[in-house]
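Just below is one structure, and these are the notes that go with it.
Letters go in sequence order (proteins before strands), and every chain restarts at 1. Note that these values count all heavy atoms, side chains included, but never hydrogens, waters or copies made by symmetry. The structure displayed is predicted, hence computed values, not measured ones.
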Amino acid sequence: MSRDNERPRDPAEASDGEQLALIRETVRKAKGERARPRTWRGAKLAGELPVARVLVDKGPVHLDKLWDYAVPAEMDAEARPGVRVRVRFGAGTGKVREGRREGGGLLDGYIIERVGESDYRGPLAALAQVVSPEPVLGPGLLALCRAVADRYAGSLADVLQLAMPKRNARAEGEPSPPPLPPPEPPAPGSWARYPAGPGFLEALARGDRPRAVWTALPGPHWPREWATAVAATLASGRGALVVVPDGRTAERVDAALTEVLGGPGRHVLLTADLGPEERYRRWLAVSRGSVRAVVGTRAAMFAPVRDLGLVGIWDDGDRSHSDERLPQPHARDVLLLRAVHEKTGFLLGDLGRTVEAAQLVENGWARPLEADREQVRAAAPLIRTVDEGEVARDAEARAARLPTLAWQTVREALTRGPVLVQVPRRGYVPKLACERCREPARCAHCSGPLEARDAEHLVCGWCGRDEPAWHCRECGGVRLRASIVGARRTAEELGRAFPAVPVRTSGRDHVLTSVPDRPALVVSTPGAEPVAEGGYAAALLLDGWALLGRPDLRAGEDALRHWLEAASLVRGHGDGGEGGDGRGGTVVIMAEPTQRPVQALVRWDPAGYAARELAERSQLGFPPISRMAAVTGPAEAVAELIASAGLPEGAETLGPVPLPPAPPGRPRRPGDPPPGEVWERALLRVRPGQGSALAAALKEAKAGRLARGEKDPAVRVDPLDIG
DNA sequence: AGCACGCCGACT
DNA sequence: GTCGGCGTGCTC
């Protein structure tokens, strides 16, 4: 049943709800005495629980406040908690002319609960319309959204905008398919390569809630391993949810689920590129309980899976797990909240390990799920480092700008299969660097990246100032070098050096999903690497130092993650890889071998790296042990918010400092100053264990201030980019 | 956000 | 006297 196209009617033929509102006007007109609410003589109200508490979704009042509306008798049956409604807001202040009310537009909202009477000491307006009887905001989802709002010092309405899919009347009008019975518990398959793997699956299958940080072995098995973990959970009669960073990965896991579950009926893929109608259709199938397993990208973290038994996240270090819309919740943390509130199992899978994951292991909340060294050695390729300053002896190698070892490795590997070449994305890394120590060249004013306008002039890429007398802040050097060669030029140069071999590129604009098991050079930016059907014979990781040189707390972690991702697509060293020719794959990384992320790659020891990083950050008072929040906005607004917040004992304020302008070209994000305005940012830091107190203080301070759009500073709990 | 109310100065 | 500036506060 669909009432989607029903518009508010002419007041002349107003519904019961409208009439109630009009009665209210009349009551108000009788000046002098305050109108008594809840005396609705003559108006037909719902007999039981005649008051609906409504969360107004959009519009001016995005406060975490519920508004009480009267439920007309005719809407009684449909106006259940969780349904979408439309209400008039601000009508009481509107003028009444010739019996027509003006002002007070219709706003969308959700009925949160039905109650017997209202605390509001005034006349209640009536619900204008029940948009549809579908209870889309169930108690579990509501509780989750509230928890996320609290955790991130945001409003419930903001979180609901992230969590709730757009309604589509056609999809809602269709019945969802009947649910299939739980499958049989799956065989462990390649989970047997992990000592604790089969036990983890058994725990899920018998209805327990194990929690693990899984360091996946390199190679092509992890999508299937995800599917097996989901299937084990389904076998217990519970549901499962897996969140991955991008649509391409979601499709791989989805395909594996179809194989493991023997068909498409028990799971859904939830990604943005399905389009709104299909997305809503699938979301409803989940909400109605006809499908209990979900794999999807970020927004799927809110999917209202019934009786959830397992939440999972893959590659939690990927930036796309963090929503850009306020309050910018991170999928890892949302799923952690779900694991706790909904009492589910938890699986964080990654080729590497983030510092946050290391913390979960360290404090004992999750157990490590790792393979033995033996298995790791067999599955990982051989990693060799090479100093990219080394002068190539061969003429061809010089032409391709490759050191001899890299050149020889590529040439040899090309006889056995495809070779992956990873090139940092332009714009992601500094364009110029000190020739001596490779410190990125930064603007003295705003620390933006310097660029060469021509042979003579340096210009800041952010603020546009000239830099006439650059010298290196680290070593005092005065000579610069172009830092990286872009993917396209790399592809051209390699194509000339290996004329007989096809060169393919994969990057931001066109991402290849896979390449066949034939000799080819595949030039890719991090994160866009195609899977090679028998594994790559070799990989070349170029400009490692440039990735490491980013002025970011997470530069080392990110670099290692990108390298592991590329290297995991290369045939294993010990077993020659699946479909290989019996000889193992090699990775050549052009980076300084003494750097810790480089050593971690060579030893294939992401867990050890993350543990050290965690210890170091803990000592320095950095997240995630200490918790932080960034407050960004016009200088006075930032200062006022911080001053008015009852910050927890021992909280430190770092800054505020002027915010560098957003790099041109990037779409504006919350916390970016509008063009032409100068904003500041302050960081708040609290001791371990006080994160929720910090969020609560900020939320309260925000609520205390008048909601005045742009003048209100943006609050970001757990900022990712703190330099 | 709108939209009222309200308390001040400049005008017919 | 009254018109209208935009500073506060309310909207179920």
May I ask you to decide whether A:D108 forms a salt bridge with A:R84, counting only side-chain N to carboxylate O separations under 4.0 Å? no

Measure CG/A:L106 against P/B:dG2 and give the value in whole Å, please. 14 Å

A:L124 CG - C:dT11 P separation (whole Å): 12 Å

NZ/NE/NH1/NH2 to OD/OE distance under 4.0 Å, A:E174 and A:R170: no

CZ of A:F89 versus P of B:dC3: gap in Å, rounded? 13 Å

Could you tell me how far apart A:L55 (CG) and C:dT11 (C1') are, to the nearest whole angstrom? 15 Å

Strictly below 4.0 Å, N to O, side chains only: are A:E356 and A:R554 in salt-bridge contact? yes

Are A:V148 and A:F302 side-chain neighbours, meaning at least one heavy-atom pair lies under 4.5 Å? yes

Figure out the CG/C1' separation between A:D57 and B:dA1, and round it to whole Å. 15 Å

What is the distance from OH of A:Y120 to P of C:dC10, rounded to the nearest Å? 10 Å

Could you tell me how far apart A:L127 (CG) and C:dC12 (C1') are, to the nearest whole angstrom? 10 Å

A:W67 over C:dC12, stacked by centroid distance under 5.5 Å, angle under 30°: no

Rounded to the nearest angstrom, tell me the gap between atom CZ in A:R88 and atom C1' in B:dA1. 16 Å

